[in-house]
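Working notes for the structure below.
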Amino acid sequence: MALLEVSGLKKIYTTRFGGAQVQALSNVTFSVAEGEYVAIMGESGSGKTTLLNILAALDKPTSGKVLLDGKDITAIKEGDLAAFRRDRLGFVFQDFNLLDTFSLQDNIFLPLVLQGKSYEEMSGRIAPLARKLGISHLLSKYPYEVSGGEQQRAAVARALITNPRLILADEPTGALDSRATEALLNLFGDINAEGQTILMVTHSVKAAAHAGRVLFLRDGEVYHQLYRGGQTVEQMFGKISDTLTVMTQGGELDA
Amino acid sequence: MRKLSFYPKLAARSIKNNRQFYLPYILTVIGTCAAMYILYALNFDPGFSQLGEGTTNGQAYVSMFMTIGIFLVSVFCFIFLVYTNSFLMKRRTKELGLYSVLGMGKKNIAGIMVFESLYIAVIGIVLGLALGILLHKLMTLLLYSLMRLPVPFGFSVQLPAVLSTAMFFALMIFLTLILNLWRVGRSKPVELLRGGNVGEKEPKINWFIVIIGVLSLGGGYFIAMWTPDSMWAIALYFVAVFLVIIGTYCLFTSLSIMALKALRKNKRYYYKAKHFISVSGMLYRMKRNGVGLANICIIATMVMVMISGTLSLYAGSDEIVKLNAPTDVISQGRHYFYYTMEESTPEERELINPDALNDYVLSRYAEAGAEPTSGYQVEYLEVSLEIPYNGALVVSPTLYIITADSYAALTGEEAPQLASGEYLLCSGSPYADYFTDSFSYLISSEYNGRDYSDPANYEFSREYKMAGECKNVLNDVIRNQTIITAGNDAANLLVVDGTDTLNEIGLTSKSGCYYWEGRYNFAQLSDDEIVALVDRTIEQPYDFGAAGCGYVGYFYTTTRVSFERDIFGFAGGFLFLGVFLGLVFMMAAVLIIYYKQVSEGYEDQRRFDIMRKVGLSRREARRSIRSQILTVFFLPLIVAAIHIAFDFKLVLQLLTLFALNNTTLTALCTLGTLAVFCVIYAAVYMLTARAYYKIVDARPQEARN
């Protein structure tokens, strides 16, 4: 059974005074198997962020279903949503979203604290994780004292520490320089190799080229998808670029 | 060249868009402006000069209190407007930065700011004056009734007050404008655009400040606990206040950080969902918050001390009148003993004959047209003696000696039976030891002209023997109805057989004064008639010698009415000022709290948004916000309450200066003030907390786009 199943997802926004309606997602259907590393690509306005918000249970679809482990997350009650998010999902954001008021360690602890875990358990979990991510020596620092790449690694640690079923990453390399981007993508690859399911939304061909599968979103629908199979990152990069070119031309034809 | 309407339009829009910050600011200008107008108008009120037959000080008190009030409100307005203005400007740096990035020069921005200030000045001053003029009548009624003066009719707008107030606020707003222009002139557009979003360093504990804080606060509290009497209290009060203020600032900024860091060290406590967010949040902004909280704490303390003190005095005034003016009229005659015998004439050495003096004074009242319905005489001696004590010669603190008959008249007890040379002791003073069992004293050198450089020449008085202790200790009645200086705890009181003994001691003492008082009631006369009666008795000079009364060195008559009007003029004016300033300061505290909540709301918005994404439920968020706000909000109030507890003894001692000696009453007034303040504070909390929630709890959908 697939870990995540999305079927017939539709989202229509109504502007504040009930005037124009904007269709962000028209009909999105796809599934993600356990242990997969999926990238979702698309231009601005293609519905990427809306899709991610619905998957994160931060927003509700107009119609359609999202099943995580066979459970419909659109049907979860408001009061249980927060617990659902912190127990099942891990988030990595473009601008890291670390809290300035906490040291890196406390930022990483945040979801565990919200779960009500004891300090002993938390410190037991963080040590191996920090070692793996190479931030052991930075744990007592504050976000504004470390580089962007280090902040993002701390954010990844925060996402991983709850052992989530699914990591949702929203443009994780968007605010990083090329070296830090490379390091982060390698890190994602390693994590995925250990069995962690990752769903990443991105603009970046380079980032998408690291994924096992790439979904292309256009006008609120899944337009195309690419499987890596046995290809290298470079080969994947070329294929994604070609697809994007075709998509752009097609877009022009449609218009 | 742009059209002339460009700046006014932009300025109006800017105020409208920032109304969340400008509205409270403008309301403050309106409020302080109204307060200022009222103070000026009361000060200039011509009504007070024609007021109060029999009061000498009514107008003087009003004028004095209003002058103090105007001064305090002026200083306060200045500090406060500058403070709120700087807050406003900080919130607006981004907007101004955007203007300059969009191609406006500093001159253009200055143009907008000039018009903004103009709008604020016009709106604030016009509405403020209107409010002030409306409330003026109400405040006049309040003040007059507090001072127990007949309420005047009519309603007037005081033009000089309008002008003074308008000019003062125009100047204030002009000053803040200059300050803002200077600030913009110095800044670079990019800096303006970035605004306040710079990561703050974690606050460090500054041990130096902790030590200074502990020492100052400890010192202030020590003074408050230590002061033995009212004289020390008045001398050290402002020192104590100063130390406590310093201590409060230091401790709020440093100790709070220390406490929070200690909490963070405690892992079991810290890593709980509820504490985790609030402790770190408070720690993060405590440095800046510390000053704000200390401000609130000090203002709260000030307001409560002012109101509770003036309220106690006012509430105790009836008692003060009853104690100090036990009858409608008191005539007092004095015979001083500390004249040098060589220089005084034989006439001046004639002792007062109390009964003759009483008859003479009564005859003067009869001539003036009224006889008292009841009355009595009181005689006492105020004296300083040199007493052999433990092998040395000590000068006793001022000693009061009254006759047995006077004691009976004052206390309502039977007159004690005493032989000549016997006395009763009213103890209660630390110096009572000098007079237990018996005493004699050194006869003054001035009395017999001896050379006292050689102790062999010392001559002592006869031995006075203690016959017992008074049933009444040195209580309020005796203390206030004799002239024992208010708050003089060192005084002792003896009761002796009669006038002759008073004179015997007076004549041989180092220095002393004999007092005679005739106390009369005129139940048949109204207050004004009594004042008129006394005026008629003093139309003709008294000739005591001719009437066989002896030599009266000083003679005067007081009425209860004038005393009452005096006391209420003072206490009423004082209470009015206390409440009035209390309200003005309170307004400031409310505004500080509001701005604090709103600005923190905007800072916390992002934090809570992130936490919500990571899995913080709305309920948990609310709970953690509440615990944080509650702590921050009620910490100043709790500290203020502690300050007041320590201050209580000082206030009691200061109140004895006004002859008020009622601990229960003062305690009730203080507790009442505290309770009312807490209620108002809690209401303000709920209102501003709601503003905070609204900002922080903004739906993610709204925040997103």
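These values consider heavy atoms only, across backbone and side chains, with no hydrogens, waters or symmetry-generated copies. Letters A, B, ... are given to chains in the order of the sequence lines, protein chains preceding strands, and every chain is numbered from 1.
A:F102 contributes atom CZ, which lies 10.5 Å from atom CG of B:L283 (distance to the nearest 0.5 angstrom).
Of residues 106-113 of chain A, those residues lying under 4.5 Å from chain B by any heavy-atom pair are A:D106, A:F109, A:L110, A:P111, A:V113. For residues 119-130 of chain A, heavy-atom neighbours of chain B at less than 4.5 Å comprise A:Y119, A:E120, A:M122, sorted by residue number.
Shown here is A:E43, whose CD atom has no more than 12 heavy atoms of other residues, nucleotides or ligands within 6.0 Å. Counting non-hydrogen atoms of other residues, nucleotides and ligands closer than 6.0 Å to NZ of A:K117 gives a total above 12.
Scanning both residues, A:R158 and B:I610, for their nearest heavy atoms gives NH1-CG2, 4.1 Å. When all heavy atoms are compared, the tightest approach of A:T101 to B:G281 is CG2-CA, 4.4 Å.
At a 4.5 Å heavy-atom cutoff, the contact between B:R268 and chain A is made by side-chain atoms alone. Only the side chain of A:F93 comes within contact range of chain B, judged by heavy atoms closer than 4.5 Å.
Note on A:L81, A:L114, A:L89: by heavy-atom pairs under 4.5 Å with chain B, the leading option is A:L114.
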